[in-house]
Colleague: 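Below is a structure I'd like to ask you about.
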Amino acid sequence: MSEYDARGKVNRALLICVDDYRHLPPLPAVKDNAQELERALLAPGTDLFTRGEVVVCRPQEPWEVEQALDAVTQEARGLLLVYFSGHGRVGRDGGNLQLTVGASEPRHKTVSWQDMVLPYLDNARADRIVIVLECCYAGNASEAFYACRKPTSLLMAAQPNRRIFSGEEPTGGSVFNRALVRTLQQGVPGKRFVTFEDLVRSLRDQLAAERTPMGDVWEPRSAKQNTVDDVVLSFATPEARPPTPLRIRLRRRLKSYVRHWPRILLILAIVLVPATAGVVLRTLPDREAPCPPALELRLLTAPEAEPALRRAAFDYEMSEANTRPLSGEGDLPDGCRRAQITVYSAAKDQVDQGFAAADRWQGEARGTGDDRPGGQVTDPLHRPGPQPDIWIPESTADYDEARRGMPPKGSPATLHYTAPVAHTPLVVGIPAPRRLDDVEPAGASWPELLTGTDRDHRDLRLLRPSPVLSGTGLLHTLGLYLARDGSGAAPSGTPDPALARQAEERLAAPGSQYAGSTELLCSLRPDTDAAGSVDRTRSAPLVSEKSLADYNLGHAIGSCPALDAPLPLRDRYIAYYPGNVPALDHPLIRVDWHGTADAAPRQAAVARFATWLRAPDGGQRTLTAQGYRGVRDSGPRRGSPLLDSRADVSPLVAPTVPFTADPEQVSRVLDGYDKAQRSSQVLILLDASTSMAENGKLPVALGAAGRAVELAGPRHTYGLWTFPDRARPGDRDAVRELVPLGSADPARGRAALDRIASRPDGELVDHGAAMEEALTRALRTMKTSQATNKAIVLVLDQDDGAAGRAAGVERTLGTLVEDGPDVPVLALVMGKSGCDTFALQHLADASHGQCVPSGPQAVDTLAGRIASIGTATKGDR
């Protein structure tokens, strides 16, 4: 996992501590929390914040918190740390966390986590945000947190719906704060620095013996949004500490010099040239911002590549290539960043949707409608993120597919293909205890691999990321179809339909498709016990070399955090390299947008970054250190994780096969893939009660439903129902059919979801959602459907119908689920109980479906599962 190092940037830490209350019990220990934490953050060993970058706020009124947030979110450019210690309150439903200030009353004069704090953080200019909440009910902050748009990490002092004793200790800081300070000051044994995830693990260990007022184990919780990399919070270490890099020391010295320079000039002016004092004062340099704002470039990539490209973007920002004076740039000071790069990711289908609807994408970014009356603001796409300046997909095949989906004329986006920036071959992971002794790992033909894993040999199930959602899945499919006989593509470049069907029969089984390599491998980790997971000892994942090495070495992968050590051999996978299968080549695509006022500077900035990425001493050093192969493929450099024997890959003997397929071949392979699938039908059942509009749940729900809609086509139909019915809110069995079952047109579903997004007050129903009644009706309908493969996609907050439910409903629902034909229930649950309720777990298990709790990977996980509905074939191998 890459780590974000903010040293040398303009950082801010806002410590909000409230110990003295007028209407609530005092918290004497909190009085010392700010002082102790400030001392830890400014300690020489921590080496991250400098004096003046830590702000202490002891608010008596809510506006004081707002004022402090406004200041730090505007000032911070690198890391923004926000810490709150005080009383916390929640509503009766466990939502709407309120942070209290000195004047707070039990229900009034509080600071809303959702309505005040998160909007300020969403508009922050910092590269990374870390939030630490030390208050009762801190764990309830996670639901609204997932609506954040910035790369943010959240540490909550306890699990949801728990009070804590923290703050009632007499003196010396609270228990939680003391553990926090201890870790930041002393470091973690065996670590060169303390990252966010290190801090979470350390706090859990230190508080394991503590109990909450309810008698539960005191367990801090954490969450991350829009980022999968880690953030360094302290460089303290029990080991010998390496010196601070020279470039960071020089930059800090320059900042300090600039901060004191106005005072020096003023004294010289008074003593030596008093007559010119006024002139000197007018020409004093800016105290706070000696550098002008850097040009922001937005870099879109795939989820698997996001951590490595974040690391590369940071290294570029701090490099000489981005900070040295350039001819023609006027008097821009040496050491100032010319560009800052925001890196974010989206699944392949979302990116394709964005470029296909580029006019809408641009309209969303500008906040204006596209040919809509009165300039009405457009509704968000589901959901590629902001329009990019740079796109680095996993392979050239992804670029070909995006181009194919764009309109031939009139698009405001123009894609300019440039050369690759890194390579990583595709591999088949074979469980170490079942290694194929009679097959060579490097350059094995597909017939050898398929024979070596079939029933007569190892009986392994091949698992592949979805070609619809993942560039890795697409390229594996391309290689499998075109290199099926081991000799490469046929002259015509057209896959044999019979071979395609045979390949899909080996690959396909319910639940065997995922949104990417990292999600697939995360589901196979020994420490993961997710619902719907498969037997890892009988699974052979089709992934990339880099992701398999990360898995074996215990690195963070997908939503799975890093382990303390590599996996033992019995739990690892051995990499086998299918012959003639092209490697992921990660091309850099410059994206130009029509009407951009600063197009020329942006193009020049993209060109400089691209040159640095391909330079041996620039981006190539960073990317190969992350486990990629270089563009020249001269072999891994020293320090590459690929050279670790525990990675179980073969970088020195397995060659990088270049990508040579043309766009028509890619198109024909996808057409062959689609024809090899059996028809499918999904019924999307969406909770439309008003509680969905709280805590940022509605955008997630609409995004999940939108992803299901976008998978529709001639062979894959859908229906979209909401419950309760707006016309009959008191009828528990009533549903509203927004799109009739059997539709193959995604536009109808998009329009219906857009109406809900733009007018939630008019579309949502102020009435409890009776999930079991609505699901019973949906199951009855789907049981009679003639579709070969079918499923129900249930997206809900929580079941609100238990109080008035007839006794026979649960029995009827249970019978329907268990009777044939099978109709899997795929549920995304955003209520505070998540998938922990017996009813939802039973529904998922009995129907052979899956329940997905809300979280950063939830929508992608659900989309991958939906994409596999049409792939059930000759039994579940």
Colleague: Answer yes or no: is there a donor N or O on one side and an acceptor on the other, between the side chain of Arg755 and the main chain of Glu763, under 3.5 Å?
Modeller: no
Colleague: Return the set of residues passing ring pair (Phe, Tyr, Trp, His ring centres under 6.0 Å) with His476 (not counting sequence neighbours), or none when no residue passes.
Modeller: none
Colleague: Going by side chain to side chain donor-acceptor pair (under 3.5 Å), name the residues that satisfy it together with Tyr628, two or more places apart in sequence or in a different chain.
Modeller: none
Colleague: Suppose we screen for ring pair (Phe, Tyr, Trp, His ring centres under 6.0 Å). Which residues come up paired with Tyr551, at least two apart in sequence or across chains?
Modeller: Tyr573
Colleague: Among all residues two or more places apart in sequence or in another chain, which pass the salt bridge (charged side-chain N to carboxylate O under 4.0 Å, His left out) test with Asp352?
Modeller: Lys348
Colleague: Which residue pairs satisfy the side chain to side chain donor-acceptor pair (under 3.5 Å) criterion with at least one member in residues 401-413, sequence neighbours excluded?
Modeller: Tyr399-Arg403, Glu401-Arg404, Arg404-Ser667
Colleague: With sequence neighbours left out, what residues match Phe609 under ring pair (Phe, Tyr, Trp, His ring centres under 6.0 Å)?
Modeller: Tyr316
Colleague: Sub-3.5 Å donor-acceptor pair from the side chain of Ser544 to the main-chain atoms of Thr424, do we have one?
Modeller: no
Colleague: Using the salt bridge (charged side-chain N to carboxylate O under 4.0 Å, His left out) criterion, which residues pair with Asp662? Sequence neighbours excluded.
Modeller: none
Colleague: Run the side chain to side chain donor-acceptor pair (under 3.5 Å) test against Ser785 and tell me which residues pass, sequence neighbours left out.
Modeller: Gln681
Colleague: Can you list the residues that meet the side chain to side chain contact (heavy atoms under 4.5 Å, CB included) rule with Val657, with sequence neighbours excluded?
Modeller: none
Colleague: Using modelled atom types and a 3.5 Å cut-off, is there a donor and acceptor pairing between side-chain atoms of Asp349 and backbone atoms of Leu469?
Modeller: no
Colleague: Please test Leu474 against Leu478 for side chain to side chain contact (heavy atoms under 4.5 Å, CB included), starting from the C-alpha separation and ending with a verdict.
Modeller: CA-CA 6 Å; Leu474 172 59; Leu478 189 75; 5.5 Å; no
Colleague: Could you tell me whether a side-chain N or O of Thr472 sits under 3.5 Å from a main-chain N or O of Ser470, the two making a donor and an acceptor?
Modeller: no
Colleague: Is a side-chain donor or acceptor of Thr301 paired with a backbone partner of Ile392 at a separation under 3.5 angstrom?
Modeller: yes
Colleague: Is a side-chain N or O of Arg536 found less than 3.5 angstrom from the main chain of Arg525, in a donor-acceptor match?
Modeller: yes
Colleague: Is any side-chain heavy atom of Glu710 less than 4.5 Å from a side-chain heavy atom of Gln350?
Modeller: no
Colleague: Quick check: does any side chain N or O of Ser523 sit under 3.5 Å from a backbone N or O of Leu520, one acting as donor and the other as acceptor?
Modeller: yes
Colleague: Taking side chain to side chain donor-acceptor pair (under 3.5 Å) as the definition, give me every residue that meets it alongside Asp592, ordered by chain and number, with sequence neighbours left out.
Modeller: His416, Arg590, Gln603
Colleague: How about Val351 and Asp398: do any of their side-chain heavy atoms sit closer than 4.5 Å?
Modeller: no
Colleague: Taking salt bridge (charged side-chain N to carboxylate O under 4.0 Å, His left out) as the definition, give me every residue that meets it alongside Arg748, ordered by chain and number, with sequence neighbours left out.
Modeller: none
Colleague: Any side-chain to backbone donor/acceptor pair from Arg602 onto Leu297? Under 3.5 Å, distance only.
Modeller: no
Colleague: Tell me if a side-chain donor or acceptor on Asp585 pairs with a main-chain N or O of Pro420 at a distance below 3.5 Å.
Modeller: no
Colleague: Salt bridge (charged side-chain N to carboxylate O under 4.0 Å, His left out) with Glu394: which residues, sequence neighbours excluded?
Modeller: none
Colleague: Keeping the roles fixed (side chain from Trp593, backbone from Pro388), state whether a donor-acceptor pair exists under 3.5 Å.
Modeller: yes
Colleague: Leu686 and side-chain contact (heavy atoms from CB on, under 4.5 Å): which partner among Leu794, Leu753, Leu796?
Modeller: Leu753
